Amino acid sequence: MSKKFPEYKGLDLSAINKSVLKLWEGEGTFEQSLKAREGQPSFIFFEGPPSANGMPGIHHVMARTIKDVICRYKTQKGFQVHRKAGWDTHGLPVELGVEKSLGITKEDIGKRISVAEYNQACRKDVMKYTDMWEDLTEKMGYWVDMEHPYITYDNRYIETLWWMLKELYKKGLLYKGYTIQPFSPAAGTGLSTHELNQPGCYKDVKDTTCTAQFKVVRDETSDFLYADCDTEVYFLAWTTTPWTLPSNTALAVGPSVTYVRVRTFNPYTGEPVTVVLAKDLVGAYFNEKNADLDLDAYQAGDKKLPFKVLDEFSGSTLTGVRYEQLIPWIQPDGDAFRVIPGDYVTTEDGTGIVHIAPTFGADDDRVAKVAGIAPLVLMDREGKRQPMVDRSGKFFLIKDLDDAFVKQFVDVKAYSEFAGRFVKNAYDASLSDEDATLDVDLSVMLKKENKAFRVEKHVHNYPHCWRTDKPVLYYPLDSWFVKTTAMRERMMELNNTINWKPESTGTGRFGKWLENLVDWNLSRSRYWGTPLPVWRSEDGSAEVCIGSVEELMQEVDKAVKAGVMDKHPFPDFKPGDFSSANYDKIDLHRPFVDDIILVSEDGKPMYRELDLIDVWFDSGAMPYAQMHYPFENKDSLPFPADFIAEGVDQTRGWFFTLHALGTMLFDSVAFKNIISNGLVLDKKGNKMSKRLGNAVDPFKVIEDYGSDPLRWYMMTNAQPWDNLKFDLSGVDEVKRKFFGTLYNTYSFFSLYANVDGFKGTEAQVPVAERPEIDRWVISLLNTLVKDVHAAYDQYEPTRAGRAIQDFVTENLSNWYVRLNRKRFWGGAFNQDKLAAYQTLHQCLETVALLAAPIAPFYMEQLYRDLQPEGQTASVHLALMPEVVETLIDKGLEERMAYAQQISSMVLALRRKVSIKVRQPLQKIMVPILDARFEAQLEAVKDLILNEVNVKELEYLKESTGVLVKTIKPNFKSLGPKYSKLMKPIAAAIGAMTAEDIAAFESAGSFSVEVNGEKLQLLPEDVEIISEDIPGWLVANEGRITVALDITISEDLRQEGYARELVNRIQNLRKDSGLDVTDKIRLQIQRHAALDAAVEKHRTYISSQTLADDLQLVDTCNESGAISVELESELETIIAIEKL
RNA sequence: AGUCCUGUAGCUCAGUUGGUUAGAGCACUACACUGAUAAUGUAGGGGUCCGCAGUUCAAAUCUGCGCAGGACUACCA
């Protein structure tokens, strides 16, 4: 028995999901898709590693669908597409998870739990959810090789990182320096920005703030400030952290900000002063009402402070002006106490002049460095340079400082009074909030010295340590850096060659990020991560960066020989053996690497720098580390990637580290094409979170709907880079609208194909010999193939999906199938019918191929169901269909569009006068605009008449004399020619009479006079249409007008009855459970109004209902006879019997 | 605070190089169709194209200034 096209009872996409998964698993389809492309060009893809210590969410389905779509598409285009899965296993979230589950804090590490045990716990914990991830990956249909993933904690992975770090080191791109970082004195540790962004870290606090007076040194550059001035001149600068004032070494002004000089008095001492501040902020310090007060009448202590604005100047004229050190306890070593430009200075608060303490502010440090200003640093007893505050949060004690330094730079008498004071009371266990703070005492001192202009409490937002709940300090800390700034230009150049989707992320967010690049701070003071492979002697004179395990082994041997180490920690490791068994003998994590002490050339012991490196280095290194490059795959590294995709939040994360490392190590981009997708929000547009309970469980959605509607919805609802407001009803809509329609279309096809024994192997009817409507849908199909390829090629899956969906629902189902139903049922299996099957079959198969990347499950089933006997290949191994340009016929597409439009207009007219479509009508009339239009219409005439059940189509031409024409200006044509005259021209055209229009048409041009100018209007300047036919029922849409003859003759009425009868009989057949092919005997009870109609259309009725025997009977009382109403007041009885 | 994205019907989204009547689907209402039938079609209502200003003969579209939502980066006197 020959194969039949499977028929289904209903569409259960969830069940299809499961059965197709089983099929893939049984056949090893994914492996086959790689094997089948062996020797073909590669399409290189990098998988960004997710962290497996969290549950996968619906947003992961989004990112992975994009990746999967592109990879499957490229496979179908003949490329071999390897996809290696990966796991990101290091980093803070892992540590936090472990600490939570073990119930410990960082302080316990090394005490209650050893570092080795802790790291062991991390190693185990990080893979906690891998099962879930693998499960989701499989169910959603994401094809990626999970059998051989790369894992960032693997020793071989780390070894590649070490090699890379050494390469950077050799190029001089790895260095140790300091930056200002958030630091918690209470916890004694630096904090990452990640930690500062924990909820609740930023709190409003009330601090003492101080506006200090910095006395201007009178010299050549500052002379203009002393012009016409009877007092000393001061800069005013505001700070919320007065304890940083002793570390002040500069003042910053905004170069384009306007400043003023104000003559007034110090409110605390009553001394006459002249102060400088931003013009916009005068109002914040002086009451406008006091501007007129007499300066001479002022008495110290008066509430009302008189002032007088002397003059104004720009910030740039102030730069370079010197001032006296405000609190001269300690001298800086270098240039200081100068006004410098600061790009970030605003006039929103303070005075518009910013106090700069380079040791306590990141911006401060940056602008000071640019201007060549020295920071205020101290030398401790160990010879290390320190800020004025030590790591416990207090001013350094003099006894802790280097003697020579104290002698040279410190005013011991003045400083002693404050040495040892904590900068925040929270750091000193003996103090409470009630006690006077250092800020207060300093401010009081400044008041007395005529150096404070205003002191007040101020509420502001300040970060706190999430562990100790105490305020953080911004503090200079030693760190290792990658000198990314050295390669900035090259990175920008290479970035310009990358195809970003959307483009703005590449040029905007990423491009701007590169422009403002700072060096990459690699250091992290943690336990679970890739250790920095740098060993140093204690005095810093000797240093070695290790680039491989083998090199480490050799150095260890030296160290053992020199007696620096007792024994070799990894004696069994065999260099050159890259098996996992060999690498399992070692551990490159802490604490093991910390225990290794190396020896310098001159015999000094060297200890490892305790830092771990940023986990982003791990992920950015994946192109090389996943292949254990260069130790393995030295000459076959797949690089750079043709394509990557990840969330837009990775711009400064993975995208940057990939790009930076690719540029610095290989002078190459790391990826050529990239899609950065937006977020998945809930349906109200809020961020999804477990806490709010609005997170969508991907497993449940897939179980309920299957993956295909979910994937389709995600790809087509919005562009991937726009945020997606995830709404389950949208998934449901996709299921009904797209998959439901496609399924129905296939069901229709298989039902009749099986009845007729269509196999799909018959010789093709040449397209040229197929009917107009077949050639039309084939034309559209080829246009679709072209458009979909273009969309995929441009990394725009949304456009591809929308185009496919539109074709299926609108053109294929709603028009092609609906108009062709009669060709499929009944009648002989002739060439016309064969053409219909072949056309529909080809459309369905092509859709399956085009849509397979997005909806891999259903398209797999559909494609296989459509294959002729003996062919069972997967759609995912098949090649994409080629577009056949010669089959695209735009003229045909145009006239079919006319047919659709006219049909819909006629149906609308019928509705208006309540005449059913089953009732035939005699005539429609269409005004003909030009010869081409007539020809186009003639070709689709039968389709229209059939669809709207009308007998004839009449073309109305000039000669018939019934046309009423109207004329409209064509702005697109007129605009460029006459621009300014447009309005009067439009009015003139509107005023044209029927005669004018006729004259215009016959002459081919028309002259109008507008504003005294004579103009020649040409045919393309206007649109002439006929939108009314007097005395007829008329519809008008755009250029097309249709009139309908609604008189119903006796003939027409009888034919209408016949069709009504057929309809009732068909219903009865169906209700009686008859098969589509069953023949019947039919009885109709006589009825005066009907008999003639039945006799006249006997053949028609019989053939439509498969009635081999039709009898008109006087009384019909067969069992199963029913009464039917054909129109109101017209009833009869019919009966059928299966033969 | 900076950079970027988004803002069009009740909801989700289209809207070409600016062209004068701004579209589709869903939802809603009414009607029709009926051997694709747990389907389908037709029609209808529904718009301050976020606001203001500008450029232009002409702006949803271009420019500027705002507003709202979101993301990232930073956290500053």
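Note on naming: letters A, B, ... go to the chains in the order of the sequence lines (proteins, then strands), and numbering restarts at 1 for each one. Here the structure is a predicted model, which means the values were calculated and not measured.
Both distances falling under 3.5 Å, in either a Watson-Crick or a G-U wobble arrangement, place B:A71 opposite B:U3. With a cut-off of 3.5 Å on both Watson-Crick or G-U wobble distances, the partner of B:G25 is given as B:C11. Nucleotide B:U42 is matched to B:A30 when pairs are restricted to Watson-Crick or G-U wobble geometry with both distances under 3.5 angstrom. Across all strands shown, B:C76 forms no Watson-Crick or G-U wobble pair with both key distances under 3.5 Å. Pair assignment for B:G51: B:C65, on the basis of Watson-Crick or G-U wobble contacts that are both within less than 3.5 Å.
To the nearest angstrom, P of B:U12 lies 23 Å from CZ of A:F738. If you measure from atom CE of A:M714 to atom P of B:C13, you get 13 Å, rounded to the nearest angstrom. One can place CD of A:E515 at 18 Å from P of B:U73, the figure rounded to the nearest angstrom. The interatomic distance linking A:W815 (CH2) with B:A39 (P) rounds to 23 Å, in whole Å. Atom CD in A:E810 sits roughly 17 Å away from atom P in B:A39 (whole-Å rounding). In this structure, CG of A:L812 is placed 13 Å from P of B:G41, rounded to the nearest angstrom. The distance between atom CG of A:D732 and atom C1' of B:G25, rounded to the nearest whole Å, is 14 Å. Between the CG atom of A:L473 and the P atom of B:C76 there is a distance of 11 Å, rounded to whole Å.
Mapped onto RNA chain B by nearest heavy atom, A:T745 and A:K725 fall at different nucleotides, with A:K725 at the one closer to the 5' end. Comparing A:T741 and A:S747 by the nucleotide of RNA chain B whose heavy atom lies nearest to each, the residue mapping closer to the 5' end is A:S747.
Each of B:A27, B:A71, B:G19 was ranked by its minimum atom distance to the side chain of A:V648; first place goes to B:A71. With B:A36, B:G70, B:A14 as the candidates, the nucleotide lying closest to the side chain of A:L679 is B:G70. Closest approach to the A:N723 side chain among B:U12, B:U73, B:G70 is made by B:G70 (side chain taken as heavy atoms from C-beta onward). Of the listed nucleotides (B:A71, B:A36, B:C75), B:C75 has the atom at the smallest distance from the side chain of A:Y474. In the set B:U73, B:U20, B:U6, B:U6 carries the atom at the smallest distance from any side-chain atom of A:D722. Comparing B:A27, B:C13, B:A36 by their closest approach to the side chain of A:A718 singles out B:C13. In the set B:A27, B:A36, B:A14, B:A14 carries the atom at the smallest distance from any side-chain atom of A:Q719.
A gap of 23 Å separates the P atoms of B:U16 and B:C57, to the nearest Å. Rounded to whole Å, the separation between the P atoms of B:U12 and B:C50 comes to 14 Å. The C1' atoms of B:C49 and B:A68 are separated by 16 Å, rounded to the nearest whole Å. Comparing the same atom, C1', in B:G54 and in B:G18 gives a spacing of 15 Å after rounding to whole Å. Rounded to the nearest Å, the gap between the P atom of B:U20 and that of B:A58 is 15 Å. Here, B:U21 and B:A38 have their P atoms 45 Å apart, quoted to the whole Å. Taking the C1' atom of each, B:G46 and B:G10 are spaced 9 Å apart, rounded to whole Å. A distance of about 13 Å separates the C1' atoms of B:U56 and B:U61, rounded to the whole Å.
Across all strands, A:R802 comes closer than 4.0 Å only to sugar-phosphate atoms, never to a base (heavy-atom distances). Here A:T240 lies in heavy-atom contact (under 4.0 Å) with sugar-phosphate atoms only. If you check every strand for non-hydrogen atoms under 4.0 Å, A:N744 touches a base. Residue A:T209 is classed as having no contact, given no heavy-atom separation below 4.0 Å to the nucleic acid.
Other residues, nucleotides and ligands contribute over 12 non-hydrogen atoms within 6.0 Å of the NZ atom of A:K369.
Partners of A:Y816 under the ring pair (Phe, Tyr, Trp, His ring centres under 6.0 Å) rule, at least two apart in sequence or in another chain, do not exist in this structure. The ring pair (Phe, Tyr, Trp, His ring centres under 6.0 Å) test applied to A:W616 returns no partner, not counting sequence neighbours.
A:Y837 and A:F824 have their aromatic ring centers within a separation under 6.0 angstrom. Proximity of the aromatic rings of A:F5 and A:F749 is defined here by a centroid distance below 6.0 angstrom, and this criterion is met.
One can find a donor-acceptor pair under 3.5 Å joining the base of B:A36 and the side-chain atoms of A:S813.
Of the possible polar contacts, one joining the A:T351 side chain to the A:I353 backbone as a donor-acceptor pair under 3.5 Å is found.
For the residue pair A:W500 / A:N495, a side-chain donor-acceptor distance below 3.5 Å is found, with atom types taken as modelled.
Ion pairing between A:D806 and A:R802 fails under the 4.0 Å rule for side-chain N and carboxylate O.
Side-chain N/O atoms of A:K737 include one lying less than 4.0 angstrom from OP1 or OP2 on B:C26.
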